[in-house]
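The next block holds one structure in the form of structure tokens; read it before the comments.
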Amino acid sequence: MLIDTEALKRLDLKAFFFDMDGVLFDSMPNHAKAWCTAFEALGIPFSSYDAYMREGMTGASTIYQAFTRHLGRDASEEECQRIYKVKCDIFESLPVAKPIPQVLEVLQTVKQAGLEIFIVTGSGQHSLFDRLNTHFPDIFCREKMVTAYDVKKGKPDPEPYLMALKKGGFEAHQAIVVENAPLGVKSAVAAEIFTIAVNTGILKDEDLSVHGAGVVYHNMGELLAELPEIIRTAKR
Ligand code: MG
């Protein structure tokens, strides 16, 4: 899929909004493993692909959906909390996720172009927030982040991306989003922001393009290669 150059030309680019899981950190294999193991203990079939497709959804929604689909009933509040705790405990016990290869170079290219950088994530994982400065020195600051603690609805609702626009004082055509998840793309596109999908996991490209991504890359290296031209085209 080629990037939508005409759409890029209509932008007045001032900022990049980066998702965190699967974009900055390779944390999705751990999330998927934690979900699969937590549901397996209950006899509920749940694959890695199911986990990747639901990335960004709240833990409660993921659990409610799996219950309705496989047990034909809603999970109780108590079940929901218990299963989510199991999932989080498993996640925390797994080896810490490494940065996605070449994302540092992507961030540096954006910064050197004089553009602002925000993180927009549904995550509330302090283990990852704490490591941002270690892996990506002088790139991020707390004022330029929207996390699980800031929003009510979360992705796929446009709320997180709209909040980032508001925080930065940007209009939708002044930002580009980098996402790896179908619901993240849906959220960003609903906020009317040009969205670059990078398929860093096990999804099909169509899972991302179907929600309106302006392009789908297969890794950060592909984005890095085209990034200077993207910025030249989108910046006034
Ligand atoms: Mg993600």
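Annotation: the span from Leu11 atom CG to Lys9 atom NZ amounts to 12.0 Å, rounded to 0.5 Å. With values rounded to the nearest 0.5 angstrom, Met28 atom CE is found 7.0 Å from Asp21 atom CG. Atom CZ of Phe25 sits about 5.5 Å away from atom CG of Leu128, to the nearest 0.5 Å. How far CD1 of Ile100 is from CD of Gln102: 11.0 Å, rounded to the nearest 0.5 Å. Taking OG1 of Thr121 as the start and CZ of Phe129 as the end, the distance is 5.5 Å to the nearest 0.5 Å. One finds the CD1 atom of Ile230 at 10.0 Å from the CG atom of Leu13 (value rounded to the nearest 0.5 Å).
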- Please walk me through it: do Lys155 and Glu179 pass side chain to side chain contact (heavy atoms under 4.5 Å, CB included)? CA-CA 11 Å; Lys155 302 170 190 178; Glu179 265 288 351; 2.8 Å; yes
- Show your working on side chain to side chain contact (heavy atoms under 4.5 Å, CB included) between Ile83 and Leu42 and close with a plain yes or no. CA-CA 9 Å; Ile83 297 161; Leu42 301 162; 3.5 Å; yes
- Stepwise side chain to side chain contact (heavy atoms under 4.5 Å, CB included) check, Leu8 with Asp4: CA-CA 6 Å; Leu8 281 180; Asp4 185 347; over 6 Å; no
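Listed for the Thr68 side chain is no donor-acceptor partner under 3.5 Å among the backbone atoms of Asp74. Of the possible donor and acceptor atoms, none in the side chain of Glu159 sits under 3.5 Å from a partner among the backbone N and O of Val151. Between the Arg54 side chain and the Asp50 main chain, a donor and an acceptor come within less than 3.5 Å of each other. For the pair Asp207 (side chain) and Lys204 (backbone), a donor-acceptor distance under 3.5 Å is present. Asp89 places no side-chain N or O within donor-acceptor distance of the main-chain N or O of Ser93, the cut-off being under 3.5 Å. Counting only distance, with no hydrogens or angles, the side chain of Ser187 and the backbone of Leu183 share no donor-acceptor pair below 3.5 Å.
Across all their heavy atoms, Ala188 and Thr195 have their closest contact at CB-OG1, 3.3 Å. Across Cys80 and Ile63, no two heavy atoms sit closer than the pair O-CD1, 3.4 Å. Nearest heavy-atom pair, Val178 versus Val23, reported as atom, atom and distance to 0.1 Å: O-CG2, 3.8 Å. Across Gly169 and Gln174, no two heavy atoms sit closer than the pair O-OE1, 4.3 Å. Across Leu115 and Lys235, no two heavy atoms sit closer than the pair CD2-CD, 4.2 Å. Taking each heavy atom of Cys36 and Ser47 in turn, the nearest pair found is SG-C, 3.6 Å.
We find that Lys14 and Asp12 are joined by a salt bridge, their nearest charged nitrogen and carboxylate oxygen being less than 4.0 Å apart. Residues Glu6 and Arg10 are not paired through a salt bridge, judged by the lack of any N-O separation under 4.0 Å between the basic side chain and the carboxylate. The pair Glu116-Lys111 fails the salt-bridge criterion, with no side-chain N (NZ, NE, NH1 or NH2) lying under 4.0 Å from an Asp/Glu carboxylate O.
Residues Tyr161 and Lys166 bring no donor and acceptor atom of their side chains to less than 3.5 Å of each other. Side-chain atoms of Ser27 and Asn30 form no donor-acceptor pair, as typed in the model, at a separation below 3.5 Å. For the residue pair Tyr84 and Glu79, no side-chain donor N or O sits within less than 3.5 Å of a side-chain acceptor on the partner. Side-chain atoms of Tyr217 and Glu226 form a donor-acceptor pair, as typed in the model, at a separation below 3.5 Å.
Counting heavy-atom neighbours within 6.0 Å of Glu222 CD, excluding the residue itself, gives a total above 12. Around the CD atom of Glu40, the shell of radius 6.0 Å holds no more than 12 heavy atoms that belong to other residues, nucleotides or ligands. Open room surrounds NZ on Lys33; 12 or fewer heavy atoms of other groups in view lie less than 6.0 Å from it. Dense packing is recorded around CG of Asp130, with more than 12 heavy atoms of other residues, nucleotides or ligands lying under 6.0 Å away.
Aromatic ring centres of Phe17 and Phe194 lie farther apart than the 6.0 Å criterion allows.
A cation-pi arrangement, defined by a distance under 6.0 Å to the six-membered ring centre and an angle within 45 degrees of its axis, is present between Lys87 and Phe91.
The aromatic rings of Phe140 and Phe136 sit perpendicular to each other, their planes meeting at more than 60°, with 30° as the lower class boundary.
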